[in-house]
There are 2 protein chains.
Amino acid sequence: MSEDLVSFFKVLSDANRLKIIGLLAQQPYSVEELAALLDLKASTVSHHLSKLSKVGLVSARADSYYNVYQLDETALQEKTRSLFSQEKLAASVADVDADAYDHKVIRDYTRKDGSLKIIPAQKKKLDAILRYVVKAFKVGKRYSEKQVNEILSTYHADTASLRRELVGANLMKREGGGGEYWREE
Amino acid sequence: MSEDLVSFFKVLSDANRLKIIGLLAQQPYSVEELAALLDLKASTVSHHLSKLSKVGLVSARADSYYNVYQLDETALQEKTRSLFSQEKLAASVADVDADAYDHKVIRDYTRKDGSLKIIPAQKKKLDAILRYVVKAFKVGKRYSEKQVNEILSTYHADTASLRRELVGANLMKREGGGGEYWREE
DNA sequence: AATCCAATTCGATACTTATCGAAATAAATT
DNA sequence: AATTTATTTCGATAAGTATCGAATTGGATT
């Protein structure tokens with residue numbers, strides 16, 4: 001998940017936490033010792049260790065009074081190795097808004113005046129464009145084929161294709177006999 | 001440098017910046033397109049791109065009106081590969097005062113005149129105090145037990161305990177027969 | 001030259017979080 | 001049981017920063 005990646009980086013994006021990792025790479029330390037070494041209060045160090053522990057980079061073992069923390073080096077190596085794998089990159093964009101995709105396609109295929117440069121061949125892009133074009137029609141209102149063509153001609157010369165695709169995508173309905181069209185929902 | 005590492009992680013510890021990286025891993029995008037895809041304002045995206053660019057992960061090329069940003073994949077691989085190398089870890093603790101723990105213990109247990117409030121019970125703290133006390137003796141010089149006691153009495157009334165602990169910690173040596181003491185090394 | 005458009009910069013705001021001190025917890029020694 | 005010691009948790013504060021809108025900049029197009 002993308003969340004994982006963000007929190008991992010968040011945990012590592014603090015100078016004192018990196019120092020703790022560096023110190024624990026040499027030998028285990030108690031909270032008190034780390035506090036003295038870093039010139040921080042124990043509560044602050046505890047806070048940092050809690051974050052490091054939450055992503056599995058350090059662990060503690062009780063030793064008399066002390067909580068002795070140690071670095072999990074294999075976890076560190078493992079996590080850093082696969083940081084920007086293909087899956088992680090894909091996951092990071094997984095939740096990018098689908099609407100946003102439409103907007104991007106529309107931007108790519110329209111001119112400043114809103115007309116279409118070309119009608120996309122790819123289905124996904126075509127769908128996005130159709131959702132954009134259909135907004136020119138009022139919901140429920142009836143249009144003759146001539147009216148439909150007039151409106152579509154402001155987008156592209158090939159009004160027949162646009163009309164057919166709109167119906168095919170179920171964005172517009174057509175009454176068989178009278179040649180009337182309307183936008184549903 | 002440690003600074004480098006922290007800022008690198010800081011740059012990557014934001015969900016939208018990770019999304020930008022994920023998107024640019026697919027293809028270059030302009031600021032405007034990224035803003036649409038991420039549902040952010042252009043100024044915000046610009047802010048993010050500026051940070052990404054500052055650590056060398058992305059670069060821009062001008063294309064007509066647009067600034068088209070692209071990911072520097074080799075830089076990304078390079079930086080992530082060596083994230084926690086030995087040198088980086090060492091650098092992160094370079095400015096940590098190794099004696100800080102001793103100093104803190106000494107502060108806690110001594111009065112202004114340098115004498116001890118009490119002799120610590122805990123071994124680690126006692127060791128730190130002993131390392132402090134032993135400095136009153138010259139390396140190699142021979143001391144009679146009476147002389148040792150005189151010197152130790154400036155630190156604490158319980159000279160016998162101090163003397164015994166110093167020998168036990170191997171900070172001072174004692175010759176069995178003549179009752180002579182000296183500080184080694 | 002004048003105008004447009006995207007990008008950037010700037011100022012303000014809201015949210016996150018590192019840090020501390022105090023209180024609560026835990027564990028061990030007396 | 002009572003006390004000491006280290007750690008954790010909690011509440012408050014201060015510093016950092018993501019985000020936005022407005023103003024400015026810098027290139028293109030007219």
Side-chain angles (χ1 to χ4, degrees), chain A residues 3 6-20 28-55 58-70 103-104 107-108 110-114, chain B residues 3 6-20 28-55 58-70 101 104-105 108-109 117-126 128-129:
Chain A
E3 276 314 306
V6 174
S7 37
F8 181 71
F9 283 127
K10 271 198 174 46
V11 164
L12 293 177
S13 63
D14 178 272
N16 282 323
R17 280 198 286 271
L18 288 184
K19 286 182 189 173
I20 289 176
Y29 281 104
S30 70
V31 177
E32 192 183 34
E33 289 170 318
L34 288 173
L37 287 167
L38 298 172
D39 195 25
L40 293 173
K41 297 302 171 185
S43 61
T44 303
V45 173
S46 188
H47 165 76
H48 288 315
L49 288 169
S50 156
K51 296 211 158 192
L52 288 169
S53 150
K54 208 160 277 178
V55 295
V58 307
S59 59
R61 73 183 154 77
D63 180 16
S64 168
Y65 283 145
Y66 305 92
N67 253 5
V68 178
Y69 280 84
Q70 56 203 342
H103 291 143
K104 170 179 163 12
R107 162 150 297 283
D108 287 348
T110 57
R111 303 194 185 85
K112 285 168 222 158
D113 64 2
Chain B
E3 275 315 304
V6 172
S7 38
F8 181 71
F9 283 127
K10 271 199 174 44
V11 165
L12 293 177
S13 63
D14 177 272
N16 283 322
R17 281 199 285 273
L18 288 184
K19 287 182 189 173
I20 289 176
Y29 282 105
S30 72
V31 177
E32 194 183 33
E33 288 170 317
L34 288 173
L37 286 167
L38 298 172
D39 194 24
L40 293 173
K41 298 301 169 188
S43 61
T44 303
V45 173
S46 190
H47 164 75
H48 288 315
L49 288 168
S50 155
K51 296 210 158 191
L52 287 169
S53 147
K54 206 160 280 178
V55 294
V58 306
S59 59
R61 74 183 154 75
D63 179 15
S64 170
Y65 284 144
Y66 305 91
N67 254 3
V68 177
Y69 279 85
Q70 54 203 344
Y101 181 76
K104 176 180 173 347
V105 173
D108 289 348
Y109 282 85
K117 299 174 188 169
I118 62 170
I119 301 176
Q122 290 183 298
K123 175 157 173 42
K124 279 181 180 172
K125 296 182 179 176
L126 177 60
I129 289 298

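What you see is a predicted model; the values in this text were computed from it and never measured. What you see below is based on every heavy atom in this structure, not just the backbone, and it leaves out hydrogens, waters and symmetry mates.
Atom P of nucleotide D:dT4 and atom OH of A:Tyr66 are separated by 16 Å, given to the nearest angstrom. We find that NZ of B:Lys123 is positioned 19 Å from C1' of C:dA28, with the value rounded to whole Å. Put simply, NZ on B:Lys54 is 11 Å from P on D:dT17, counting in whole angstrom units. In this structure, A:Leu49 atom CG and D:dT7 atom C1' are separated by 10 Å, rounded to whole Å. Across the protein-nucleic acid pair, A:Lys10 atom NZ and D:dG16 atom P stand 17 Å apart, rounded to whole Å. Distance CZ (B:Arg61) to P (D:dG27): 17 Å, rounded to an integer number of Å. Distance, A:Ile20 CD1 to C:dA18 P: 11 Å, rounded to whole Å.
Applying the side chain to side chain contact (heavy atoms under 4.5 Å, CB included) criterion to A:Ala42, with sequence neighbours excluded, gives A:Val31. Annotation: salt bridge (Lys or Arg N to Asp or Glu O under 4.0 Å) contacts of B:Lys123 (sequence neighbours excluded): B:Asp127. Partners of B:Lys124 by salt bridge (Lys or Arg N to Asp or Glu O under 4.0 Å), not counting sequence neighbours, listed by chain and number: A:Glu33.
Atom CG of A:Asn67 and atom CG of A:Leu34 lie 11.5 Å apart (nearest 0.5 Å).
With DNA chain D read from its 5' end, the first of the two nearest nucleotides for B:Ser64 and B:Ile118 is the one closest to B:Ile118. Mapped onto DNA chain C by nearest heavy atom, B:Asn67 and A:Ala62 fall at different nucleotides, with B:Asn67 at the one closer to the 5' end.
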Under 3.5 Å between N/O atoms: give me all the protein pairs with nucleotides 19-22 of chain D, atom names plus distance.
unit_1	atom_1	unit_2	atom_2	d
D:dT19	OP1	B:Asn16	ND2	2.7
D:dT19	OP2	B:His48	NE2	2.3
D:dC20	OP2	B:Lys41	N	3.1
D:dC20	OP2	B:Thr44	OG1	3.0
D:dG21	O6	B:Ser43	OG	3.3

What N/O pairs connect the protein and nucleotides 24-26 of chain C at under 3.5 Å? Give each pair on its own line.
none

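Side-chain nitrogen and oxygen atoms of B:Lys125 include none within less than 4.0 Å of the OP1 or OP2 phosphate oxygen of D:dT5. For the pair B:Gln122 and D:dA6, the criterion of a side-chain N or O lying under 4.0 Å from OP1 or OP2 is met. Regarding contacts with the backbone of D:dA6, every side-chain N or O of A:Tyr29 stays at 4.0 angstrom or more from both OP1 and OP2.
Of the candidates D:dT5, D:dA18, D:dT29, D:dT29 carries the atom nearest the B:Tyr65 side chain, counting heavy atoms from C-beta on.
Here the closest non-hydrogen pair linking B:Phe9 and A:Leu18 is CE1-CD2, 4.1 Å. Here the shortest heavy-atom pairing between A:Leu37 and A:Tyr29 reads CD1-CE2, 3.6 Å. In plain terms, the two heavy atoms of B:Asp14 and B:Asn16 that are nearest each other are OD1-N, 2.9 Å.
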Do any side-chain atoms of residues 43-51 of chain A form donor-acceptor pairs under 3.5 angstrom with protein atoms, and if so which ones, sequence neighbours left out?
unit_1	atom_1	unit_2	atom_2	d
A:His48	ND1	A:Arg17	NH1	3.0

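Residue B:Lys51 is in sugar-phosphate contact alone, with no base atom involved, counting any heavy-atom pair closer than 4.0 Å across all strands shown. Within the 4.0 angstrom heavy-atom criterion, only backbone atoms of the sugar-phosphate kind lie near B:Ser30; the bases stay farther away.
Using a 4.5 Å heavy-atom cutoff, the side chains of B:Tyr69 and B:Ile20 are not in contact. Side-chain contact between B:Glu32 and B:Tyr65 is absent, with no heavy-atom pair separated by less than 4.5 Å.
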